[in-house]
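We name chains A, B, ... by the order of the sequence lines, and we start the count at 1 in each one.
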There are 2 protein chains.
Amino acid sequence: MRPNARRTTLADIAQEAGVSVATVSKVVNGRGDVAPQTRTRVQELLHRHDYLAPVFRHTEAAAGPTIEVQFKGGLKSYVAETLEGIIDSAAELGASVVISRASGAPHWARDLVSAGRRAVIAVTSVYTAAHLNELARSGLPLVVLDPLHLPDSRVNSVGATNFAGGLAATRHLLSLGHRRIAYLGGPAMAVCNQARMHGYRAAMEAEGLQVPEAHVRPGEFTYETGALGAAALLDLPEPPTAIFAGNDEIAVGAVEAARVRGLRVPEDLSVVGFDDTSLAQMASPPLTTVRQPLREMGGAALRTALRLANGEKIESHHIELATELVVRASTAPPGR
Amino acid sequence: MRPNARRTTLADIAQEAGVSVATVSKVVNGRGDVAPQTRTRVQELLHRHDYLAPVFRHTEAAAGPTIEVQFKGGLKSYVAETLEGIIDSAAELGASVVISRASGAPHWARDLVSAGRRAVIAVTSVYTAAHLNELARSGLPLVVLDPLHLPDSRVNSVGATNFAGGLAATRHLLSLGHRRIAYLGGPAMAVCNQARMHGYRAAMEAEGLQVPEAHVRPGEFTYETGALGAAALLDLPEPPTAIFAGNDEIAVGAVEAARVRGLRVPEDLSVVGFDDTSLAQMASPPLTTVRQPLREMGGAALRTALRLANGEKIESHHIELATELVVRASTAPPGR
DNA sequence: CTGAAAGCGCTTACAG
DNA sequence: CTGAAAGCGCTTACAG
């Protein structure tokens with residue numbers, strides 16, 4: 001960022017605001033004894049001049065602005081590949097990446113500001129009104145990657161075209177000749193899951209096919225959901241000949257459920273995943289899946305975070321990158 | 001770290017060293033115009049009092065000391081699970097984790113010091129003499145996780161009992177009745193690979209078995225090495241009935257090579273992996289493998305890094321955590 | 001609520 | 001090489 005320019009000091013701001021350095025200092029440190037009007041004017045100037053406390057100048061000069069990436073649950077392939085995209089874009093743009101688990105500690109956002117973080121990227125997390133308030137109070141910008149909620153204009157988010165992906169996956173199975181296709185999904189409340197499922201439903205309806213209730217099963221984005229859900233589906237009087245899974249882990253669990261029952265994939269059962277993490281390429285058989293451009297999504301989130309940290313305006317509070325069907329060896333025409 | 005104690009200032013050091021604050025300041029900033037003797041005495045005191053420049057005090061108060069984790073190549077399951085261990089231990093001990101790819105930039109170590117990093121953890125990397133010199137000059141402590149070189153007394157490292165793991169994996173296959181067992185390994189120069197291979201050789205020799213040259217194949221720790229290597233092994237006039245793979249990715253590649261040839265695992269071919277990453281649990285069939293306690297290894301590396309950052313002495317420059325055989329569904333007695 | 005003044009911890013030209 | 005002195009950018013009691 002601005003290589004040679006002398007950094008703005010409190011004195012600069014004080015002069016421009018027509019107040020004393022002491023008053024500006026109070027605003028920076030959030031003391032109470034400042035008139036609301038004065039506070040607003042000074043804050044406005046601090047922001048416009050991208051004022052940075054001297055405690056952070058040294059660090060930023062050496063390692064650039066630092067962005068905090070928070071994740072929930074395990075550091076699975078999905079998160080790891082997104083993180084790779086974030087790290088590489090950060091290296092390119094001269095920023096640093098701190099990684100941690102999302103914490104619900106009382107003043108987490110203010111603590112992050114004190115630690116010099118310039119923005120937060122949350123990977124697949126739920127944010128509550130309390131979270132948003134805490135963030136707003138701290139002034140820390142947030143970018144959510146693969147939001148679990150509906151895009152909310154108060155937060156910036158990066159996702160993928162989940163509906164189109166669900167549609168493409170299901171059409172692929174239909175074009176192979178499948179008619180009994182089940183959907184084994186993630187959490188019912190997650191928007192990404194809903195979009196994938198509705199893409200599936202849209203494709204089925206367009207073909208004039210009824211979806212029996214038992215053929216749509218929500219769950220978690222885990223191997224166990226895949227193994228258990230597929231087992232239940234295969235025990236149905238009229239089992240599906242193909243399963244569209246909400247992500248690759250579910251798909252791999254479904255493949256294992258088939259294997260345990262002596263069914264071969266794809267001869268006896270076709271399976272389509274979602275994400276195209278390294279798991280999909282290494283599954284046996286390699287998985288037909290819907291690719292999410294995870295590294296690119298990570299890169300987009302990082303760039304957005306940096307722009308917000310610089311006080312720039314963002315054109316759109318939500319962007320989606322294109323998904324793409326990748327055909328491998330886990331799908332084939334239905335047997336017999 | 002030391003919650004209430006007032007931090008040591010330059011004035012404290014100056015008084016104790018019997019020099020002026022200006023001189024101490026010069027030492028801290030590495031200026032040339034200080035007598036070598038004076039410099040040494042002052043440096044000694046700075047280190048003993050754990051002097052921290054004011055630019056870093058604020059950050060450390062809010063987020064603890066920050067440790068830089070560097071990896072090479074992709075952020076694979078192996079690295080991701082280790083990183084999880086590092087992150088969790090850091091959260092517990094109040095430290096922050098910056099993650100980046102290893103860079104060979106000219107003054108990388110000094111840049112890290114300027115950015116306030118207190119130590120570096122390198123995951124599975126090679127370090128050259130140039131690296132070690134750059135580090136020594138910067139004074140930044142290094143901990144290597146799963147070193148690719150022989151433990152060197154100049155660097156601290158954390159590993160696992162690879163030889164014992166190789167022995168256990170091979171004995172398991174022998175006890176199932178296998179006699180033609182092949183080793184499909186990683187890079188020939190990597191010590192962890194060498195130790196696994198020699199564990200395998202030791203188990204074979206103890207049983208009085210000759211290992212044909214063609215049954216030991218080095219490669220990379222990748223799926224491709226597994227797929228290609230297993231294909232070559234299975235084309236041998238007398239193919240092995242079992243393969244011990246240097247890691248889980250190689251094992252999964254071998255499973256796929258078998259599937260492609262119409263061979264079933266474990267009925268026609270047994271496969272044992274190494275690491276027990278999530279890949280092993282999600283493979284089809286689930287992989288018998290040698291578990292490395294990756295999270296614990298990450299935690300141990302983080303604790304060591306923090307102790308070094310605090311100027312504490314470490315008892316041993318290398319520690320190894322125990323591996324453990326995990327039997328799943330990819331191994332069985334040889335067929336027919 | 002505001003700001004003059006004292007103070008803090010550090011850095012830097014410069015005289016010796 | 002060393003350090004007295006001026007200066008920097010900020011914070012904090014405290015008087016008004």
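- For B:Ala11 and A:Ala22, each mapped to the nucleotide of DNA chain C holding its nearest heavy atom, the one lying further toward the 5' end belongs to A:Ala22.
- With a 4.5 Å cut-off on side-chain heavy atoms, A:Cys192 and A:Gln292 do not count as touching.
- Looking at residues two or more places apart in sequence or on another chain, you find a side-chain hydrogen bond (donor to acceptor under 3.5 Å, both in side chains) between A:Thr277 and A:Asp248.
- For B:Arg31, the side-chain atoms get nearest to C:dT12 when compared with the rest of C:dT12, D:dC10, C:dT2.
- Of all the heavy atoms in A:Ala80 and B:Ala80, the pair that sits closest is CB-CB, 4.2 Å.
- Between B:Leu10 atom CG and C:dT12 atom P there is a gap of 12 Å when expressed in whole angstrom units.
- The phosphate of C:dG3 has OP1 or OP2 within less than 4.0 Å of a side-chain N or O from A:Thr23.
- Nucleic acid contact for B:Val21: base, since at least one base atom lies under 4.0 Å from a heavy atom of the residue.
- Nearest heavy-atom pair across A:Arg101 and A:Gln70 is O-NE2, 4.3 Å.
- Of all non-hydrogen atoms in A:Glu134 and A:Ala109, the two that sit nearest each other are OE2-N, 3.0 Å.
- Side-chain atoms of B:Thr9 lie closest to C:dC10 of the nucleotides C:dC1, D:dA13, C:dC10.
- Atom CD of B:Glu312 is surrounded by more than 12 heavy atoms from other residues, nucleotides or ligands within 6.0 Å.
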Report task. Decide side chain to side chain contact (heavy atoms under 4.5 Å, CB included) for B:Val24 and B:Leu46; before the verdict, give the C-alpha distance in whole Å, the side-chain angles of both, and the deciding distance to 0.1 Å. Result -> CA-CA 9 Å; B:Val24 180; B:Leu46 287 165; 4.3 Å; yes

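- Distance, A:Ile13 CD1 to C:dT2 P: 16 Å, rounded to whole Å.
- Across the C1' atoms, C:dG7 and C:dG3 are found 16 Å apart, a figure rounded to whole Å.
- For A:Thr38 and C:dT2, the shortest distance from a side-chain N or O to OP1 or OP2 is below 4.0 Å.
- To the nearest angstrom, C1' of D:dT12 lies 9 Å from NZ of A:Lys26.
- The side chain of A:Val34 approaches C:dT2 more closely than any other nucleotide in the set D:dT12, D:dT2, C:dT2.
- Close to D:dG9, at under 4.0 Å from its OP1 or OP2, lies no side-chain N or O of A:Tyr51.
- The CG atom of B:Asp33 sits 14 Å away from the P atom of C:dC14 (whole-angstrom rounding).
- Paired regions of DNA chain C, where each region holds three or more successive Watson-Crick or G-U pairs whose two hydrogen-bonding distances fall under 3.5 Å, are C:1-3 with D:14-16, C:5-12 with D:5-12, C:14-16 with D:1-3.
- Contact annotation: A:Ser25 side-chain N/O to D:dC10 OP1/OP2 distance is not under 4.0 Å.
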